[in-house]
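Heads up: the structure comes next, in structure tokens.
The model shown is predicted, which means the values in this text are computed figures rather than measured ones. Note on naming: letters A, B, ... go to the chains in the order of the sequence lines (proteins, then strands), and numbering restarts at 1 for each one. Atom set for the values below is all heavy atoms of this structure, side chains included, hydrogens, waters and symmetry mates excluded.
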Amino acid sequence: MSNEEIVSTNFIQNIINEDLKTGKHGQRVHTRFPPEPNGYLHIGHAKSICLNFGTAKEYQGMCNLRFDDTNPSKEDVEYVDSIQEDVKWLGFSWDDRMFYASGYFDKLYECGVELIKKGKAFVCDLTADQMREYRGTLTEPGKESPYRNRSIEENLDLFTRMKNGEFADGSRVLRAKIDMASPNINLRDPIIYRILRAKHHRTGDTWCIYPMYDYAHPISDAIEGITHSICTLEFEDHRPLYDWVLEALGFEDRPQQIEFARLNLTNTVMSKRHLRALVEEGKVSGWDDPRMPTISGLRRRGYTPESILDFCERIGIAKSNSTVEVAMLEHCIREDLNAKAYRGMAVLRPLKIVIVNYPEGQTEELEAENNPNDEAAGSRKVLFSRELYIEQEDFMEDAPKKYFRLTPNQEVRLKFAYIIKCEEVIKDEAGNIVEVRCSYDPESKSGGATSGRKIKGTLHWVSAQHAVKSTVRLYDYLFINDNPEDENSYVLNPNSLETLTDCLVEPSLAEAAPGTRYQFLRQGYFVADAVEHTKEKPVFNRVVGLRDSWAKAQK
RNA sequence: UGGGGUAUCGCCAAGCGGUAAGGCAUCGGACUCUGACUCCGACAUCCUAGGUUCGAAUCCUAGUACCCCAGCCA
């Protein structure tokens, strides 16, 4: 049996495999997902979550959740709560390993003292502007700070007093003493501690000095025994500093930083700055607006965690900057929901149909399968009667060739029911079609012995007296262009949300529990809105439309 | 003009010297009581130019393009 699957590996797995072979980290694989709690997680974070938690799982290793909360001026508990919820929702578990960089503040401070004692850090009094001047440029080396050669004693004293709050915000910093002439700007005596009087969401007012990312991150990783510290490309030239910190402090079995390309999606912005602006400027209803690429937005939209994991699996991991087409994401949710979602009939833009030869007052219960791709899903009853509604676009007086729907001279089948024929078109004074009178073929009942006539078109419908009026929101991309992250392409789609309030859905759909997903036959996948949907006033969000080769052919 | 990266089909992405995986998209066609699903079929010689080799996307040389870095942000 040689049914060996061809399994593609990514470069990070290659590195880990090599490390396992050489025993670099003693056969351990320990990763971490380190979000800064200053915003909501988005689909790009999902890529990182899948990478970190997923890789750890594959190698029977562990993955920690660690909040990188070293800048209290931007962070908040609201975000730490939402982040935990989102990671859990995606299906990952950090067990008892949820940490905070702020949990290491004491240790981080001690390390600062140690660096000073080793002559590898100094307190600098330069102002921010001076610091910038001394830093040099991309092509010219920087100059050493006049405070660079303070004695260890003086540095120790000053650092202690910085911590004790004796100095004003921004008046002094602790700097690593590396190399002002380095072609890598990150190594030009980078700041590792700054004075900042801001209430921290966890440590409150305990500290008035806070460590910088480049300093806190490697130490946090080392403390937790992380083996592979995966981050995005822009930190690539921070790696020498990451390594410097660990080396200078003498950590053994040092974690290694590995960088991969962050996710970009067409017609989507991913930067926190842009996402925050959308929320704050009221362009969307909040972080969980169904049009947002946030995890909470996708959840509200009706995406399943499985579809998101599948998406992350498909897009792969590499180091080249890339932008994945949203079509890929949409494919993933369609595939998942096609298998899982029960079908239902909902008429979004109703057109009244009266079956003239159907007895007034009569109703019939018809058998309707819940999912043609899953027999186990069973069936339900739908009610048929003399007055029905179909989709406005499913009737045309002057239809183009290949229009398979109802026309004055073309029959159609009503799904699960009968074949009908148009007998008369009723219009209002303005000439709008307000009703179509039809006749039905009693012999054509679905499932019946004489139902075999082949009819090209099949329409979904609802019974007028039984249907429940509903609100349906149709979503489209938030942005018109492929790459709205580019300033010149940042153009909001004015039609990203269309709210239909006169939709009619079959009774079973109105009964849906909030959060339940359906396929509305011939329309797409929809979810009963998690917060607004009620049986009395149903509200559905369109997750994604069905593929529509007819619409495509029309263009 | 400094440093760090990346370049394989429209979009992702395998490939690690032995003769270009896969997915998405697209285009044909079959099937269909969802114009859905499913199924069949089509779809690249690897940034450029040299070189090494029996053989190169993979090695060497020289270019080119794009991305990131001068926050007391992460």
Sugar-phosphate, base or nothing in reach of A:F235, heavy atoms under 4.0 Å: base
Touch class at under 4.0 angstrom, heavy-atom based, for A:H460 against every strand present: nothing
Sugar-phosphate only, base, or nothing, as touched by A:V173 at under 4.0 Å among non-hydrogen atoms: base
Base B:C73 to side chain A:N38, donor-acceptor N/O within 3.5 Å cut-off: no
Touch class at under 4.0 angstrom, heavy-atom based, for A:Y210 against every strand present: nothing
Nearest-Å distance once atom P is located in both B:G55 and B:G2: 37 Å
Selected nucleotide, minimal atom distance to A:M212 side chain, candidates B:C72, B:U34, B:G5: B:C72
Centroid separation A:Y525 to A:Y518 less than 6.0 Å: no
Inter-nucleotide C1' distance (B:A44, B:A20), Å rounded: 8 Å
Minimal non-hydrogen separation, A:A261 against A:S320, with atom names: CB-O, 3.3 Å
Sugar-phosphate, base or nothing in reach of A:R172, heavy atoms under 4.0 Å: nothing
Using a cutoff of under 3.5 Å, can you pull out all pairs of nitrogen or oxygen atoms linking the protein to nucleotides 25-27 of chain B, with atom names and distances?
from, atom 1, to, atom 2, distance (Å)
B:U26, OP1, A:K552, NZ, 2.5
B:U26, OP2, A:R547, NH2, 2.9

Touch class at under 4.0 angstrom, heavy-atom based, for A:K415 against every strand present: base
Centroid distance under 5.5 Å and plane angle under 30°, A:Y213 vs B:A74: no
Sugar-phosphate only, base, or nothing, as touched by A:P35 at under 4.0 Å among non-hydrogen atoms: nothing
Span that lies between the P atom of B:C9 and that of B:G5, in whole angstrom: 23 Å
Residues A:K143 and A:E133 bridged, charged N to O under 4.0 Å: no
Base B:U34 to side chain A:Q523, donor-acceptor N/O within 3.5 Å cut-off: no
Touch class at under 4.0 angstrom, heavy-atom based, for A:S320 against every strand present: sugar-phosphate
Presence of donor-acceptor pair under 3.5 Å, side chain of A:R405 and base of B:G35: yes
Pairwise C1' distance for B:U45 and B:U32, with rounding to whole Å: 40 Å
Rounded distance in Å between the C1' positions of B:A30 and B:A36: 16 Å
Sugar-phosphate, base or nothing in reach of A:K454, heavy atoms under 4.0 Å: sugar-phosphate
Pairwise P distance for B:C11 and B:C73, with rounding to whole Å: 38 Å
Pair partner, B:C24 [Watson-Crick or wobble, under 3.5 Å]: B:G10
Touch class at under 4.0 angstrom, heavy-atom based, for A:Y215 against every strand present: nothing
